[in-house]
Amino acid sequence: MELNDLYRRVIMDHYKNPRNRGTLNEESVTINLNNPTCGDRISLQIQVIDGKVVDAKFTGEGCSISMSSASMMTEAIKGQTFEAAIHMAEKFSALMKGEPVEFEELEDIEALSGVNKFPARIKCATLAWNALRKGIESENEKQ
Ligand code: FES
């Protein structure tokens with residue numbers, strides 16, 4: 001897979017020094033998800049207060065794309081309302097469709113834009129975001 005150099009460096013930095021890797025206390029919402037095509041998995045935990053994601057951590061095993069995406073995603077959603085977090089998940093889906101999307105102060109995420117040229121890897125990049133959507137959906141259903 002050929003990604004441009006800068007993007008590759010950003011991805012490898014998140015892969016080797018993941019942000020928010022770890023676990024939260026057991027009152028947090030836990031979402032386990034795997035990528036059926038390869039078996040790689042993520043366990044995402046979000047701490048929710050009043051419809052806001054106040055903290056997020058993840059564990060799991062996967063390729064550099066899936067794990068770096070989880071690192072970037074957890075950074076992006078901390079402190080966000082559900083609405084804002086879902087809005088970001090939608091922006092990320094648009095990025096994976098090759099649409100020109102900007103993440104402003106979270107520009108690291110744009111490093112994954114090149115993945116849209118490799119359809120098999122899109123599932124890697126969206127794994128963490130899908131876990132987030134699932135977590136928020138289940139929280140919304142509880143209310
Ligand atoms: Fe499994 Fe990327 S190859 S998540």
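Because the structure is a prediction, the values reported are computed rather than measured. For the numbers below, each heavy atom of this structure counts, side chains included, while hydrogens, waters and symmetry mates do not. Whatever order the structure lists them in is the order used to number ligands and atoms, beginning at 1.
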Peer 1: Sort and list the pairs that fulfil side chain to side chain donor-acceptor pair (under 3.5 Å) and have at least one residue in residues 23-34, not counting sequence neighbours.
Peer 2: Asn25-Ser28, Thr30-Gln45, Asn32-Ser43
Peer 1: Can a donor-acceptor pair be found, under 3.5 Å and without considering hydrogens, that links the side chain of Thr126 to the backbone of Trp129?
Peer 2: no
Peer 1: In the hydrophobic cluster built from side-chain contacts under 4.5 Å, what are the other members alongside Val54?
Peer 2: Ile49
Peer 1: Side-chain atoms of residues 67-76: list all donor-acceptor pairs with protein atoms under 3.5 Å, sequence neighbours left out, distances to 0.1 Å.
Peer 2:
from	atom 1	to	atom 2	distance (Å)
Ser68	OG	Ser64	O	2.7
Ser68	OG	Ile65	O	3.2
Ser69	OG	Ala125	O	2.7
Ser71	OG	His14	ND1	2.7
Ser71	OG	Arg19	N	3.0
Thr74	OG1	Asn20	ND2	3.0
Thr74	OG1	Ala70	O	3.0
Thr74	OG1	Ser71	O	2.9

Peer 1: State, without any angle test, whether Arg133 and Ser93 hold a side-chain donor-acceptor pair at a distance under 3.5 Å.
Peer 2: yes
Peer 1: Taking Arg9 for its side chain and Asn4 for its backbone only, find out whether a donor-acceptor pair lies under 3.5 Å.
Peer 2: no
Peer 1: Which of the protein's N, O or S atoms come within less than 2.8 Å of atom 2 (Fe) of ligand 1, not counting waters?
Peer 2: Cys63 SG, Cys124 SG
